[in-house]
Every structure is written in C-alpha cells, then in structure tokens.
Novice: 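Quick one: structure below, then a few questions.
Order of the sequence lines fixes the chain letters, A, B, ..., with proteins taken first and strands second; residue numbering starts at 1 for each chain. Heavy-atom basis, side chains included; hydrogens, waters and symmetry copies ignored.
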Amino acid sequence: MIKTFWLVLSLACVGWYITVLGYVVVKGGADIKHMLKRLSGEDSNVAADEEE
Amino acid sequence: MSNFTYLDGGIVGVYIATVIIVGVLVRKYVCKVDQFLVAGRELNIYLGIASLTACEFGIVTCMYTAQNGVKFGFAGATPGILLAMAMLFVGVTGFGINPLRKAGVMTVPELFEKKFGPRVRWMSGVVIVLGGLLNMGVFLRMGGDFLVVVCGLNPQYLEITMTLLLAGIGLYTIMGGMVSVLITDYLQFIMMSIGLLVVTIMIFVKIGWTEMVQAVETHHGAGGFNPFVHPDMGPAYVIFNAFVALAVVLTWQTMIQRVLSAKDSTTGRKIYKGTSPFFVCRFLLPGIWGIAALAVLTPDQIGEHTILAMPKLLSTFVPPILMGVVVAAMLAADMSTDASYMLTWGSVIYNDIMGPLHKGQWSQKKGLMWNRCIIAIIGVFLLVYGLWYEIKGDAWTYLAVTGSIYLSSMSVLLIACCYWKKANNWGATLAIILGAVLPFSFLVFQKIPATEPFTERIGPHVWGIVTYVGVAVAMIVGSLLKPEPSVERKHSDD
C-alpha cells in the first residue's frame with residue numbers, strides 16, 4: 001500500500017512537472033514581454049517627470 | 001572516471017555565457033530602487049512560478065534532497081510533502097501573505113515596523129540576514145563538490161571555478177536586480193526542468209522501480225517508506241519539519257519577495273498555489289536519484305559522505321552530451337538560487353538594517369548604488385564562508401537549523417502582527433532574541449567537544465521544536481507583560 005503511494009506520487013510529480021514546464025515556457029515568455037513593456041513605460045514616465 | 005567530455009564543457013560554457021549576457025542586457029529597465037528590488041511589482045503568475053521554482057532549487061537542494069534519499073529512502077521526501085501542504089494552505093487561504101502584500105511593503109520587517117516600531121524592524125532585519133547568510137554560506141562548497149565529482153574537475157581548480165561562476169552571477173544581479181533575476185530564472189527554470197526530468201525518466205527506465213524499492217527495503221526496512229518508523233526520523237523529525245514548512249512559506253524572504261513583487265495579493269496567492277506541487281518534486285525527484293545511487297553503488301563506493309552518492313552515480317550513469325545538459329541544468333539551478341538569495345538578503349540589509357541611516361530619503365541613484373555594493377559584499381562573504389565551513393550531520397538539517405535562527409521568530413511575529421491585537425514590541429523583542437539564540441547555540445555547542453555529546457543526545461529536531469514553541473511562548477508572555485497599545489494603534493488613536 002505505502003509503496004504504491006510512493007509510486008503514484010513519483011509518477012504524479014513527473015506528470016505535473018512536464019505539464020507545468022509546457023505551460024510556463026509559453027505563458028512565462030508572455031509575462032516577461034508584458035513586464036518589460038510596463039517597466040519601459042514606467043521609465044519614460046520617470047524621464048518625463050524629471051524633464052518637467 | 002566521469003563521462004564529462006570537452007563537448008559537455010562547451011554546452012555548459014555556452015549556456016552560462018548566454019544567461020549572463022541576457023541578465024546584463026536587461027539592466028536598462030532598472031532606474032529605481034523598487035524596480036531593482038521587486039521589479040516594479042510587475043510580476044505575473046507564470047513568470048512567478050518559473051522564478052520561485054528556479055530560485056528554490058539549486059545544486060545544494062539537489063544534493064541534500066538526494067542525500068535524504070540515500071539516508072532515509074522515500075521517507076526522505078517528507079519535508080517536501082509538508083512544504084507543499086503548507087504552501088497550498090497559505091495560497092488557498094491567503095494566511096499571512098494577504099496582509100503582507102496589501103501593506104505594500106518590500107520586506108517582512110517593514111511590515112513589523114507598523115505594529116512593533118522601528119527597533120523591532122531593525123532587529124528583524126539583523127536576524128533575517130544572519131540566518132539567511134549562514135544558510136546560504138554552504139551553497140558554494142556543495143556546488144563545488146558536485147562539480148568535482150560529476151565533471152571530474154580537479155579540486156585544485158575548484159576555488160577559481162566557483163569564484164568565476166559567482167562573479168558572473170553577481171555581475172547580472174548587481175546590474176539588473178530583480179528584473180535580471182526574474183528573466184534569467186525563466187531560462188534557468190527551463191534548463192533545470194529538462195535536466196531534472198530527463199535524468200529521472202532515465203533512472204525509471206534503466207534502473208527500474210522494483211530495483212529501487214528493493215534497495216530501500218534492504219537499507220532502511222519499513223522506515224524507508226514511513227518517516228514515523230524510521231529510527232533517524234520519527235515524530236520529532238516530522239513535527240520539526242512541519243514547523244519549518246509553515247515558517248518557510250510565510251517568511252522565507254526569497255519566497256515572500258515573489259509575493260511582494262506580484263501585481264496584487266490574488267496573483268501572489270496563485271503563484272503559491274501553482275508552485276506548491278513543485279515542493280514535492282523538489283524533494284522526491286532528486287530523492288529518487290539518491291535511491292538509485294543506493295541501488296547501483298556499493299557501500300564502499302558510497303562511503304561515509306552520503307551527500308556525494310548522487311553525484312557519483314551521475315558521473316557514470318549519464319552519457320556524454322546529455323551530461324553537458326545535466327551539468328548546465330544543475331548550474332542553471334545554482335545560478336538562479338545564488339542570484340535570488342544575494343538580492344534578497346541585500347534588500348533586507350538596505351531596507352531594514354540600513355533604514356535608520358537613509359530613512360528612505362536617499363536619491364534613487366544613491367539607493368541603487370548602495371544595493372549594488374551590498375550584493376557585491378555578500379558575494380565576497382559567500383566565497384570566504386563557503387570555502388571554510390564544514391557541515392556536521394546532514395545538509396538539510398543544517399539548513400533547517402540555520403534557517404530557524406529567523407524562521408521561528410519571524411513566522412511568530414508575522415502571525416501575531418496580522419492576527420493578534422495584543423501583540424506588542426516586548427513580545428516581539430523577546431521572540432526575536434530567543435529565536436536567534438536557541439538555534440545559534442545548537443550550532444556552537446555542536447562544534448565544542450565538551451557539549452557535542454549533549455547536542456547529539458537531544459538532536460536537532462527536538463531542539464528545533466523547542467525553538468518554535470519557545471518563541472511562540474516568548475511572544476505571548478512578553479506581550480502580556482506589557483499590555484499597552486501597539487505603535488499602529490497609537491497612531492490611529494492620534
């Protein structure tokens with residue numbers, strides 16, 4: 001029983017990891033683009049404030 | 001003889017150079033201190049999961065979790081299960097992290113100032129840095145040990161190799177702060193996940209589940225599957241690790257910094273929920289590597305240093321070219337951890353310990369310069385401490401004990417700060433002092449011949465439980481001895 005628990009948990013870990021890896025590769029890349037875009041916007045606002 | 005070839009060295013070199021260049025290139029997005037420390041709070045869910053996962057898995061993690069596999073069998077993954085449960089609980093309920101993110105602070109001690117006053121904030125900063133740096137101090141040595149065994153690296157070149165690696169990590173962390181850390185974490189997450197998964201699947205296919213189960217049964221009996229009946233674990237091990245798990249997810253600065261960098265508290269909770277299963281993987285998959293070493297290597301080959309069993313297995317088990325990918329994956333894991341940890345402890349030093357100096361009034365330029373200097377100093381400390389300190393006992397317990405220098409008090413303070421109206425600075429001060437003294441004294445007693453048998457008799461787990469319970473009692477007793485309004489209530493009354 002307990003050995004089956006560890007087998008199921010090990011396989012679940014591998015399965016979960018493969019799924020999350022796929023998701024994060026695609027959506028994490030989009031998150032990076034979004035973050036950099038926002039940070040660039042923030043920088044130009046700071047520059048504009050400093051010019052004023 | 002290792003399977004590591006020049007071609008593998010080339011793969012590793014190209015990967016490291018790519019990460020460092022990318023990390024340095026994004027420095028142009030950092031102009032302000034909050035962009036440097038918390039990436040302007042623009043972190044979203046999937047990048048958060050990648051970053052948290054990469055940050056919380058380094059070579060050191062792989063080494064101590066594999067060592068747990070060798071020493072305890074499958075039961076060695078117990079801390080991972082407890083961590084995942086604690087993280088899921090906090091992610092679902094928002095316990096502790098909701099008020100923390102909503103307060104808009106950059107570090108945990110900053111929140112404490114609102115309730116307990118500036119002195120408690122400063123003391124919290126000191127214990128967080130003390131515990132964090134002692135914890136991180138062994139990372140380099142263990143990473144170096146891994147490279148020596150897996151790559152067949154001449155120990156003579158160990159210092160220079162680790163120094164160059166740390167210099168590269170320091171370079172992009174100093175330049176781009178959290179923005180560089182997040183983006184390089186993303187690359188490192190991909191690389192380390194590929195390495196982790198490929199080796200685990202290879203072990204399943206080539207060595208086989210039955211062989212591993214038999215090895216655990218032979219070496220550990222029923223205790224290899226159940227932590228409660230393992231002679232070196234037992235209920236004290238499980239209880240201590242349950243305390244550590246909850247404290248880690250509530251206050252471990254590298255984890256909390258992802259919550260604080262998140263767009264809002266809902267995103268922070270989603271990052272926690274999404275990352276929680278990883279903590280089982282983090283212990284179980286390298287644990288399986290350790291068990292595989294137990295199944296394949298002879299007791300003579302494993303030797304006294306169980307922490308080196310897994311690298312010894314990898315050095316001959318993984319074929320050339322794939323070896324390059326695996327070593328690059330492990331270095332990726334290590335780089336993301338080192339970068340995050342340097343940035344994190346640096347942020348506490350600047351924000352909380354140096355707070356009375358700058359009072360938040362320094363210019364952004366001066367603030368950025370100081371943050372960068374602090375990270376460089378931490379890098380130097382890591383080199384010096386990492387090369388002379390030798391761990392006694394298993395690595396995970398060392399990390400749990402040193403982490404407890406601040407985990408015990410900070411978790412109690414956070415819970416009291418958010419959920420107990422009567423908590424005040426007396427209780428907080430007493431809790432911080434006791435929380436630092438108890439684990440630190442254990443480390444010192446362990447090194448003194450006269451007190452070493454005493455520490456061995458009590459053991460780190462019971463000592464750890466006493467620390468957590470003692471700190472909670474200190475918080476309650478201290479607060480009740482001075483039942484006066486907290487700083488926050490005083491201000492609101494005014």
Novice: So what's closer than 4.5 Å to chain A heavy atoms on B/Phe278: side chain, backbone, both or neither?
Specialist: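 Interface part for B/Phe278: both.
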
Novice: Answer yes or no: is there a side-chain heavy-atom contact under 4.5 Å between B/Thr53 and B/Met192?
Specialist: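 Yes, their side chains come closer than 4.5 Å.
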
Novice: Can you measure from OG1 (B/Thr173) to CD1 (B/Ile20) and round to the nearest 0.5 angstrom?
Specialist: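 Spacing of OG1 (B/Thr173) from CD1 (B/Ile20) equals 9.5 Å.
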
Novice: Check B/Cys62 against B/Pro286 and note the closest heavy-atom contact, atom names and distance.
Specialist: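 Of all heavy-atom pairs spanning B/Cys62 and B/Pro286, the closest is O-CB, 3.8 Å.
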
Novice: Less than 4.5 Å apart, side chain to side chain, heavy atoms only: is that true for B/Tyr172 and B/Val22?
Specialist: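 No, too far: nothing below the 4.5 Å cut-off.
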
Novice: Are B/Thr78 and B/Tyr237 linked by a side-chain donor-acceptor pair shorter than 3.5 Å?
Specialist: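 Their side chains do not contain a donor-acceptor pair, so the 3.5 Å distance test is not met.
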
Novice: Between B/Thr267 and B/Asp264, is any side-chain donor less than 3.5 angstrom from a side-chain acceptor?
Specialist: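 Yes.
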
Novice: Quick check for you: among A/Ala12, A/Ser10, A/Ala30, which has the greatest number of heavy-atom pairs under 4.5 Å with chain B?
Specialist: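 Greatest number of close heavy-atom pairs with chain B: A/Ser10.
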
Novice: Does the Lys NZ or Arg CZ of A/Lys3 fall within the cation-pi geometry relative to A/Trp6 - under 6.0 Å from the ring centre and within 45° of the axis?
Specialist: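 No, A/Lys3 does not sit over the ring of A/Trp6.
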
Novice: Using the benzene-type ring in the case of Trp, are the ring centres of B/Phe74 and A/Phe5 under 6.0 Å apart?
Specialist: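 No.
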
Novice: If you check every heavy atom in residues 218-226 of chain B against those of chain A, which residues fall under 4.5 Å?
Specialist: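 Listed by number, the contacting residues are B/Phe225, B/Asn226.
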
Novice: Between A/Leu9 and B/Ile81, is any pair of side-chain heavy atoms under 4.5 Å apart?
Specialist: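 SC-SC contact between A/Leu9 and B/Ile81 confirmed.
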
Novice: How would you list, in number order, the residues of residues 205-217 of chain B that have a heavy atom less than 4.5 Å from chain A?
Specialist: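 Only B/Trp209, B/Val213, B/Glu217 of residues 205-217 of chain B have a heavy atom under 4.5 Å from chain A.
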
Novice: Measure the CD-OG distance between B/Gln188 and B/Ser340 for me, rounded to the nearest 0.5 Å.
Specialist: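 Result: 8.5 Å between the selected atoms.
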
Novice: Any non-hydrogen side-chain atom of B/Met255 less than 4.5 Å from a side-chain atom of B/Leu52?
Specialist: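 In contact.
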
Novice: In terms of heavy-atom pairs under 4.5 Å with chain B, which of A/Leu21, A/Val25, A/Leu7, A/Val14 leads?
Specialist: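 Highest number of pairs under 4.5 Å: A/Leu7.
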
